[in-house]
Amino acid sequence: MICPRFSRFTNDCSKLPRRIYGLDTLRALAIVLVMLHHYVLFVSGTDTFGWVGDIGWVGVDLFFALSGYLIGNQIFAAMRSEGGFSLTRFYARRLLRTLPNFYVVLALYALWPWFRSGLELPPLWQFLTFVQNINLTPGTAFSHAWSLCIEEQFYVVLPALALLIASLRGSLRWAWVAVALAFVAGMVIRATLWHELVDGSARPGLNYFKYIYYSTFCRFDELVAGVALALLKNYHGDAWRRLTAHGNVALGVGVAVLVFTFTLLLPMEDRQDLLQTVIGFPLLALGFSLLIVAALSERSILRTTRVPGAASLALWAYAIYLTHKQACILAKAPMQELGYGPESPVTIAALMALSLLSGWVLYKLVESPFMALRDRYVPSNSARPTTLTPAPQ
């Protein structure tokens with residue numbers, strides 16, 4: 001959690017809780033949705049969890065929105081601090097946070113043929129350079145790394161872009177222009193690609209996933225939405241206070257937007273239509289952004305309610321995401337040999353528990369030690385002061 005010394009609202013860190021329950025709940029919700037969706041896709045192949053399993057893919061979109069806010073808040077808060085923002089330290093901290101887990105799991109796929117269960121692994125260099133999501137063919141080994149590649153690309157581009165915009169006169173205005181242009185560009189790009197590569201194609205489903213769903217340029221809506229929240233929080237204090245003073249309203253509106261969006265995106269055969277492709281992702285961005293606002297609002301139900309187990313799931317979420325899919329795929333056959341099919345409650349419980357266990361092991365053995373090293377050797381982000389400036393009046 002970021003110390004509020006970076007904010008103009010308070011200078012007393014001791015008044016804040018150690019964790020924000022609402023953000024833990026959202027992160028836990030995101031990983032549960034992804035786990036259920038992948039179970040349906042790669043284990044049962046049926047409507048195991050009803051509509052929840054069908055829409056579980058939006059857990060990735062929720063992760064994107066959370067990442068956009070958290071990383072954006074780190075950058076903007078550092079830029080407003082006395083020490084300023086250090087690009088080098090930011091990159092060092094992000095790499096120590098994300099790379100160890102990722103490379104350990106990648107090594108399992110690359111060096112242990114049994115682990116990838118006969119699936120073809122894309123070229124190793126695509127994973128090492130985080131471009132595996134570009135023109136990705138569905139069904140390949142470690143295919144779910146596509147979202148991690150987009151996030152890594154985001155981590156590289158956002159801080160450099162923020163510093164570039166901060167160097168401009170009237171940089172705050174330019175920052176909001178960049179946010180607006182990003183949303184417009186996303187819709188235009190998706191519409192163009194849909195008309196050229198999906199509509200009338202002999203393989204519309206394949207082309208949709210390969211050139212739109214996995215594409216960086218088509219999926220940054222939620223990340224940008226999170227950044228916009230961070231920008232609002234750090235540079236528009238009055239507006240942020242007014243917004244977070246009505247957290248339960250934000251929660252209700254956010255849920256309503258998401259219900260409308262899920263209705264629009266369902267049934268699943270309509271998910272790849274033009275309307276859903278163009279505006280579906282911005283609607284998800286809006287809905288999840290409102291949930292994040294609710295999670296950050298002092299008196300909202302989402303912020304004050306502590307969901308049992310959510311903090312642990314939130315802490316292990318990255319490790320679980322990396323390991324759960326293949327753990328379930330590999331455990332499916334042994335469970336069937338024991339007489340428990342994929343629809344059996346015993347199999348569901350066992351594979352969900354295995355998913356949590358595999359993530360916990362990765363977290364304990366790899367992520368935690370590297371996080372300790374990060375905190376020891378790259379403890380903070382400080383350099384010369386720099387900040388976004390308001391436009392001249």
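Position 1 is the first residue of the sequence, and the numbers go up from there.
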>> To check you understand the geometry: which heavy-atom pair defines the closest contact between Leu223 and Phe64, and what is its length?
In response: CD2-O, 3.3 Å
>> Check whether Ser297 reaches the backbone of Ser300 with its side chain - one donor and one acceptor, N or O, closer than 3.5 Å.
In response: no
> For Pro282 and Arg190, which heavy atoms make the closest approach, and how far apart are they?
Replying inline: CD-NH2, 3.2 Å
>> Does Tyr340 have more than 12 heavy atoms from other residues, nucleotides or ligands lying within 6.0 Å of its OH?
In response: no
Under 3.5 Å, side-chain donor or acceptor atoms of residues 194-205 against the rest of the protein: list the pairs with distances, not counting sequence neighbours.
unit_1 : atom_1 : unit_2 : atom_2 : d
Trp194 : NE1    : Gln272 : O      : 2.7
Ser201 : OG     : Arg203 : N      : 3.0
Ser201 : OG     : Asn207 : ND2    : 2.9

>> Run the side-chain hydrogen bond (donor to acceptor under 3.5 Å, both in side chains) test on Tyr39 and Ser355 for me, step by step, so that the C-alpha distance in whole Å, both residues' side-chain angles and the decisive distance to 0.1 Å come before the verdict.
In response: CA-CA 10 Å; Tyr39 190 96; Ser355 297; over 6 Å; no
> Minimum heavy-atom separation for Pro342 to Ile348, with atom names?
Replying inline: O-CG1, 3.7 Å
> Is the count of non-hydrogen atoms from other residues, nucleotides or ligands lying under 6.0 Å from Trp174 atom CH2 greater than 12?
Replying inline: no
>> Run the ring-ring contact (aromatic ring centres under 6.0 Å, His included) test against Tyr318 and tell me which residues pass, sequence neighbours left out.
In response: none
> When rounded to the nearest 0.5 angstrom, what is the spacing between CG in Leu356 and CG in Leu351?
Replying inline: 11.0 Å
>> For Gly139 versus Leu119, what's the shortest heavy-atom pair and its separation?
In response: O-CD2, 3.5 Å
>> Determine whether a donor-acceptor pair (N or O, by modelled atom type, separation under 3.5 Å) exists between the side chain of Gln326 and the backbone of Phe115.
In response: yes
> Are more than 12 heavy atoms from other residues, nucleotides or ligands located less than 6.0 Å from atom CZ of Phe49?
Replying inline: yes
>> Tell me the closest heavy-atom pair linking Gln336 and Gly341, and the distance in Å.
In response: CG-CA, 4.5 Å
> Can you tell me if Gln132 uses its side chain to pair, donor with acceptor, with the backbone of Trp146 under 3.5 Å?
Replying inline: yes
> Between Leu111 and Leu124, is there a shared hydrophobic cluster once you connect ILVMFWY residues whose side-chain heavy atoms come closer than 4.5 Å?
Replying inline: no
> Out of curiosity, Trp316 CH2 to Leu357 CG, how far, rounded to the nearest 0.5 Å?
Replying inline: 9.5 Å
> Do the side chains of Leu95 and Leu106 join up, straight or via other hydrophobic residues, at under 4.5 Å, putting them in one cluster?
Replying inline: yes
> Between Gly280 and Thr261, which heavy-atom pair has the shortest distance, and what is it?
Replying inline: O-CG2, 3.9 Å
> Do Val188 and Leu274 share a hydrophobic cluster (ILVMFWY, side-chain heavy atoms under 4.5 Å, transitive)?
Replying inline: no
>> My understanding is that only residues two or more places apart in sequence, or in another chain, count here; which of them pass salt bridge (charged side-chain N to carboxylate O under 4.0 Å, His left out) with Arg116?
In response: none
>> Quick one about Lys325 and Ser143 (side-chain donor to acceptor, distance below 3.5 Å, no hydrogens or angles considered), yes or no?
In response: yes
>> Would you say the ring centers of Phe90 and Phe85 fall short of 6.0 Å from each other?
In response: yes
> Angle class for the Tyr214/Phe209 ring planes (parallel below 30°, perpendicular above 60°, tilted otherwise)?
Replying inline: tilted
>> So that I know where these two stand, are Phe102 and Phe142 an aromatic pair - ring centroids less than 6.0 Å apart?
In response: yes
> Between Val307 and Leu291, is there a shared hydrophobic cluster once you connect ILVMFWY residues whose side-chain heavy atoms come closer than 4.5 Å?
Replying inline: no
> Between Arg219 and Tyr213, is NZ or CZ placed under 6.0 angstrom from the six-membered ring centre and within 45° of the ring axis?
Replying inline: yes
> Does Phe42 sit in a hydrophobic cluster with other residues, and if so which ones, taking ILVMFWY side chains as linked at heavy-atom separations under 4.5 Å, directly or through other members?
Replying inline: Leu41, Ile329
> Other than Leu354, which residues form its hydrophobic cluster under the rule that side-chain heavy atoms must be closer than 4.5 Å?
Replying inline: none
>> Do Met335 and Trp114 sit in one hydrophobic cluster, given that two such residues count as connected whenever their side-chain heavy atoms are within less than 4.5 Å of each other, even indirectly?
In response: yes
Do any side-chain atoms of residues 363-379 form donor-acceptor pairs under 3.5 angstrom with protein atoms, and if so which ones, sequence neighbours left out?
unit_1 : atom_1 : unit_2 : atom_2 : d
Glu367 : OE1    : Asn101 : ND2    : 2.7
Glu367 : OE2    : Arg97  : NH1    : 3.1
Ser368 : OG     : Tyr363 : O      : 3.1

>> Would His38 and His324 count as a side-chain hydrogen bond (donor to acceptor under 3.5 Å, both in side chains) here? Give the steps.
In response: CA-CA 9 Å; His38 282 168; His324 78 281; 2.8 Å; yes
